[in-house]
Number of protein chains: 2
Amino acid sequence: MPQTLRKKKGLILVHTGEGKGKTTAALGLAFRALGCGWKVLIIQFIKGDWKYGELDAAKKFEGQLEIHQMGEGFTWVVKSDERQKELARNAWEFGKKAMMEGQYPLVIFDEINYVLDYQFLPLDEVIEALKNKPENVHVVLTGRNAKPEIIEIADLVTEMKKIKHPFDEGIVAQRGIEF
Amino acid sequence: MPQTLRKKKGLILVHTGEGKGKTTAALGLAFRALGCGWKVLIIQFIKGDWKYGELDAAKKFEGQLEIHQMGEGFTWVVKSDERQKELARNAWEFGKKAMMEGQYPLVIFDEINYVLDYQFLPLDEVIEALKNKPENVHVVLTGRNAKPEIIEIADLVTEMKKIKHPFDEGIVAQRGIEF
């Protein structure tokens, strides 16, 4: 490690791109952080059709890992824009409050980029909150089409790029490997 | 899910590219799989300088998650090629045996692409074993510079592409967020 790398702060990490691994890499970060004894909060803005393996795994870390799925949650099923905005607002308010209170050293806003891309949440408000988060809190923002303004304030941005995907070859998503 | 997606099989997943998140996304997959009650084996071909949070987190899944670091392990500290090859051989033989026996539905060969890129392991031998692995075993291969032959036999390949990295801005790697 070069001697010049001295500054420490809570990072803003972004996982974006069309490829798989955005949420999964966030989960991996959660797993590591939990191993270090940190409390971790995951806000899921989109609820998939499957039951996440992570919900069961989370039980091993009761009191340390909280996964918050918003009410009925988003799904890929189309709802009215007004309802989407209301759900996004609830999720965001819950997560923002937790982030600002600083009790979770790691807060993951899963699929928030999607929500911002569709303007279900005001970008300015999210940017403002992220800029003012406590120094000890690391934040992960996942989802495709991360906004340039998000990338601008982020410390680490990784694009997950699809090179090859099993759906191309007619293989189903599978419990356990829900990538 | 389209009705045409019927085929199920143990997948070969590859996380490659220069960006961060390759190992982390593999860890996320492990976390999900553990939640589904699967046994998971992680073979670490390169041992980093830090103590991984995942080693502590793994204790929560004793008897279910095994992380195998090879002897002294690889490090980024230069060793003789002969010693590198010997260590890679040990790691590979251990992992291959476990993969072939099929007792771990998920086997992660962490940084094997690096090892193959440096020719510390014969590519043909790895390809051959992967082609003949049990149908119920999912395999994840991580590391930059994945070989074309590996990509060819893989089902899912994701390239993690660096868009922005905190080391560019002089921020140190941190325990808990060891991305």
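With a 6.0 Å radius and a threshold of 12 heavy atoms from other residues, nucleotides or ligands, B:F94 has its CZ atom above the threshold. For CD of B:E149, the number of neighbouring non-hydrogen atoms (other residues, nucleotides, ligands) closer than 6.0 Å is greater than 12. More than 12 heavy atoms of other residues, nucleotides or ligands sit less than 6.0 Å from atom CD of A:E101. Within a 6.0 Å radius of CD in A:Q119, other residues, nucleotides and ligands contribute 12 heavy atoms or fewer. B:E93 CD: more than 12 foreign heavy atoms inside a 6.0 Å radius.
Taking CE of A:M160 as the reference point, atom OG1 of B:T158 lies at 8.0 Å (rounded to 0.5 Å). The CD atom of B:E62 lies 10.0 Å from the NZ atom of A:K60; values are rounded to the nearest 0.5 Å. Atoms CG and CG, on A:L27 and B:L29 in that order, are 9.0 Å from each other to the nearest 0.5 Å. Taken from CG in B:L156 to CD1 in A:I163, the straight-line distance is 10.0 Å, to the nearest 0.5 Å.
Counting heavy atoms from C-beta outward, A:R32 and B:T23 have side chains that approach closer than 4.5 Å.
For A:I12, no part sits under 4.5 Å from any heavy atom of chain B, backbone or side chain. Neither the backbone nor the side chain of A:E18 comes within contact range of chain B, judged by heavy atoms closer than 4.5 Å. Of the two parts of A:A58, only the backbone, made up of N, CA, C and O, holds a non-hydrogen atom closer than 4.5 Å to a non-hydrogen atom of chain B.
Considering all non-hydrogen atoms of both residues, A:A25 and B:G21 come closest at CB-O, 4.2 Å. A pairwise comparison of heavy atoms in A:F31 and B:A57 identifies O-CB, 3.4 Å as the closest pair.
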